[in-house]
Amino acid sequence: MNNSRPSTPEAPPEDLWSSILDSVSSSRSTPAKQILILGEPSSGKSTLTSALLHKSPSDDDKENQRSDFALGYDWADVRDDADEDTLARLSIYTVPSSAPSYTALAPHFLPPRTSLPHTVVIIVLDWTKPWTFIDELYSWLRWIETWTKGDSSRELEIIKEENHERLQAHLQHYTEPSAEPIPATSSISSTTHLPFGAGTLTHNPAGVPIIVVCTKADKIDEEGDIIGAGASGMGGMVKGKGGEWEERTDGVMQILRTICLKYGAGLFYTTPVPQTLQVLRQYALHLLFAPPAPSPGLSTDAVAVKNPFPFQHKPNILDRDRIVVPAGWDSWGKIAVLRDGFDAKSWGEAWENDLQHTDGEVQESSARKLFRTLVPDQGTKPPPLPPLNNPTPEQVFLAKNYDENSKKPDRDPRGAFRNPTENSSAGIVGPMGSSSFNLPNVERALTEMEGGAGGPVALNMSVSSDAARKLPSRGTGRPSASGLSVPGVPTGGSRSQGTSPTIPPSPSPTNGQTQHEVLQNFFQSLLSSKDRGSAVNVPAGAGRAASPRAAGSGAEESS
């Protein structure tokens with residue numbers, strides 16, 4: 001039987017070579033570094049991405065036509081100064097807006113548990129919209145705090161503590177470059193521990209390296225006498241050296257430096273000039289490759305760690321289009337020197353008030369409210385919405401029109417379809433009001449029907465309401481006209497000329513009655529004549545015998 005266990009205790013395991021190869025592969029693999037760029041649309045994020053990846057402008061001919069994606073991504077290899085060895089693969093993620101639908105995507109690609117030690121966050125502010133600086137900083141810094149919370153696991157908490165210690169050591173051991181030649185590498189040691197000043201690194205517990213970049217700084221002092229809501233939007237102030245214009249722009253920089261000091265962040269102003277963008281790239285790489293914090297138990301020689309990308313540029317707070325304030329250099333004292341009358345402590349407390357009211361309500365002592373007083377909003381306002389159109393409820397509208405129509409005498413809608421030549425006194429029962437169905441036509445139709453059924457019989461009489469009721473039933477058993485017995489008329493069909501009385505003409509059907517009433521009586525007689533049909537449909541002789549008048553006539557003739 002084959003057994004995978006070694007035959008002797010001294011024999012090496014069978015997967016020894018695999019473990020050696022895996023360890024060598026992991027040690028020689030290219031480390032991954034990430035930069036997360038946060039900014040609103042059209043704030044210059046694409047220009048920063050090209051500069052950080054060290055891409056020439058010719059590689060991006062459609063820079064101005066580039067659109068923001070839900071989450072942008074690009075990458076490049078970072079090489080050493082001799083351009084021989086690849087030190088890391090730099091990936092850049094771009095979040096185009098602070099809307100939750102965009103920021104919710106970032107944790108899926110940059111989970112804090114694995115990306116915190118290797119990520120630098122850049123917050124982009126646009127100098128063409130300076131009134132948005134504090135509001136955007138407030139939104140982005142709160143999101144960074146939410147992002148670093150992650151799943152709140154124990155492993156993540158350890159990573160956050162280590163990251164915070166590294167950022168703290170980086171700030172404490174910052175040294176300003178001197179005029180002497182700087183060595184190719186810089187080092188930190190555990191021999192020097194500078195205490196933090198007031199308002200330094202009071203926030204950012206996860207130790208995220210943050211850089212606040214104000215793009216389009218060349219718009220601050222652009223050509224022209226008066227600035228309105230256009231380029232920099234500082235509100236119709238006369239430009240030039242000194243005066244209110246310079247005081248306000250310096251005040252904006254002092255406020256930004258005070259907030260950056262709380263988070264251990266750096267502040268940079270950039271322009272499309274490649275030199276300012278190159279300085280930003282060097283500082284970003286300097287933070288990405290910052291060594292971990294030294295352990296207090298180790299000696300100085302053992303903890304000396306070199307940074308392959310030292311930052312060799314001095315701080316600059318005088319050139320308004322290329323401000324450089326690295327993390328670890330600034331303090332409240334240096335901020336107050338720039339312009340007299342600025343109270344960094346008051347602005348720091350106002351910022352704390354904003355963070356405490358997470359419901360978005362702006363308090364009186366709020367940094368955002370105070371900043372709006374300094375830099376009024378000069379942005380383009382959307383046109384006002386038209387007044388709300390409140391339509392009348394359907395039932396109310398119908399009730400109103402019903403009341404109006406009910407007061408009109410000609411409210412019958414069928415009147416629109418009638419013949420205008422008709423008599424207005426005709427009935428309203430539809431076709432009976434037509435002139436083609438008046439009483440004379442009905443009389444003529446009945447006469448033709450009687451004549452066609454029993455032969456040509458001349459009835460010299462007019463149809464009246466009384467005569468109509470004496471007509472027999474017009475069913476299947478209707479007798480012919482020859483069987484109709486009329487008093488004074490012989491049974492043979494010849495009329496007696498001397499003794500036959502004539503039926504007096506009936507009065508006009510409209511005498512005292514309307515056509516509608518005459519027709520109603522006529523059709524009513526047709527329905528009621530069925531019961532009297534047997535009294536009419538009798539032989540002619542029986543009719544004469546039954547008639548007293550006929551009997552009297554016969555007796556006179558016989559005598």
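Positions are given from 1 along the sequence. No hydrogens, no waters, no symmetry mates; every other heavy atom, side chains included, goes into these values. Worth saying up front: this structure is predicted, and the values here are computed from it rather than measured.
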task = For F371, check ring-ring contact (aromatic ring centres under 6.0 Å, His included) against everything at least two apart and list the hits.
result = none
query = Regarding R368 and the six-membered ring of Y138, is the cationic atom NZ or CZ under 6.0 Å from the ring centre and inside 45° of its axis?
reply = yes
query = Taking atom CG of L277 and atom CZ of R281, what is their separation to the nearest 0.5 Å?
reply = 11.5 Å
message = For I259, is there any backbone N or O sitting under 3.5 Å from a side-chain donor or acceptor partner on W347?
response = no
ask   = With distance as the sole test, does N353 use its side chain to make a donor-acceptor pair with the main-chain N or O of S365 at under 3.5 Å?
value = yes
inquiry  = Measuring centre to centre across the rings, with the benzene-like ring taken for any Trp, is H313 within less than 6.0 Å of H286?
reply    = no
query = Does any N or O in the side chain of R166 come within less than 3.5 Å of the main-chain N or O of P117, such that one atom is a donor and the other an acceptor?
reply = yes
query = Are any non-hydrogen side-chain atoms of W75 and Y73 less than 4.5 angstrom apart?
reply = yes
query = When you look at D77 and L90, which way does the side-chain contact (heavy atoms from CB on, under 4.5 Å) test go after all the steps?
reply = CA-CA 6 Å; D77 289 334; L90 179 61; over 6 Å; no
remark   = In this structure, OH of Y93 is separated from CD1 of I122 (nearest 0.5 Å) by 15.0 Å
key: Nearest atoms (heavy-atom pairs only) where P96 meets Y102   = CG-CD2, 3.5 Å
key: Nearest atoms (heavy-atom pairs only) where M253 meets I317   = CE-O, 3.7 Å
inquiry  = Under a 3.5 Å threshold, yes or no: a donor from one side chain and an acceptor from the other, between T276 and Y269?
reply    = no
task = Inspect the surroundings of CZ in F342 and state if more than 12 heavy atoms from other residues, nucleotides or ligands are less than 6.0 Å away.
result = yes
inquiry  = Regarding K216 and D126, does a basic nitrogen lie under 4.0 Å from an acidic carboxylate oxygen?
reply    = yes
remark   = Interatomic distance, CZ@F523 vs CG@L526, rounded to 0.5 Å, equals 7.0 Å
ask   = Does P112 offer a backbone N or O that forms a donor-acceptor pair with the side chain of K160 under 3.5 Å?
value = no
request  = State plainly whether the residues K369 and D354 are in salt-bridge range, i.e. N to O under 4.0 Å.
outcome  = no
request  = Drop me the distance from T94's OG1 to D74's CG, to the nearest 0.5 angstrom.
outcome  = 8.0 Å
remark   = Value for CD1 (I220) from CH2 (W127), rounded to nearest 0.5 Å, stands at 4.0 Å
ask   = Looking at side-chain heavy atoms only, is the closest gap between T132 and K129 below 4.5 Å?
value = yes
task = With sequence neighbours excluded, tell me which residues meet side chain to side chain contact (heavy atoms under 4.5 Å, CB included) with P111.
result = T114
N521 side chain vs E517 backbone, donor-acceptor pair below 3.5 Å = yes
S97 backbone acceptor or donor facing E40 side chain under 3.5 Å = no
inquiry  = Taking the six-membered ring of W332 as reference, does the cationic atom of K345 (NZ for Lys, CZ for Arg) lie under 6.0 Å from its centre and within 45° of its axis?
reply    = no
key: Any side-chain heavy-atom pair of W147 and L110 under 4.5 Å   = yes
inquiry  = Can you confirm whether the side chains of Q34 and S115 place a donor and an acceptor under 3.5 Å from each other?
reply    = no
note = All heavy atoms of L338 vs all of R257, minimum pair found to be CD2-NH1, 4.0 Å
ask   = Side chains of F196 and L261: closer than 4.5 Å at any heavy-atom pair?
value = no
Heavy atoms of other groups near F397 CZ, more than 12 under 6.0 Å = no
request  = Flag the pair F133 / L256 as yes when at least one side-chain heavy-atom distance between them is below 4.5 Å, and no otherwise.
outcome  = yes
task = For residues R142 and L355, report the shortest heavy-atom separation together with the two atoms involved.
result = NH1-O, 3.9 Å
key: Check against side-chain contact (heavy atoms from CB on, under 4.5 Å), V78 and H54   = CA-CA 9 Å; V78 179; H54 211 269; over 6 Å; no
Show me the side-chain donor-acceptor pairs of residues 202-215 shorter than 3.5 Å, one per line, residues at least two apart or across chains.
unit_1 : atom_1 : unit_2 : atom_2 : d
H203   : NE2    : E352   : OE1    : 3.4
H203   : NE2    : E352   : OE2    : 3.1
N204   : OD1    : G207   : N      : 3.4
N204   : OD1    : V208   : N      : 3.1
N204   : ND2    : V208   : O      : 2.8
N204   : ND2    : Y263   : O      : 3.2
T215   : OG1    : S43    : O      : 2.6
T215   : OG1    : L125   : O      : 3.2

message = If I compare all heavy atoms of L38 with all of K45, which pair ends up nearest, and what's the gap?
response = C-CD, 4.5 Å
request  = Find the distance between OG1 (T270) and CG (D218) and round it off to the nearest 0.5 Å.
outcome  = 9.0 Å
inquiry  = Under a 3.5 Å threshold, yes or no: a donor from one side chain and an acceptor from the other, between D321 and T271?
reply    = no
note = Tightest non-hydrogen contact, residues D319 and I323, listed as O-CD1, 3.0 Å
ask   = Are P326 and Y283 close enough that some pair of their side-chain heavy atoms sits under 4.5 Å apart?
value = yes
query = Is the backbone N or O of L374 less than 3.5 Å from a side-chain atom of R248, with the two atoms forming a donor-acceptor pair by type?
reply = yes
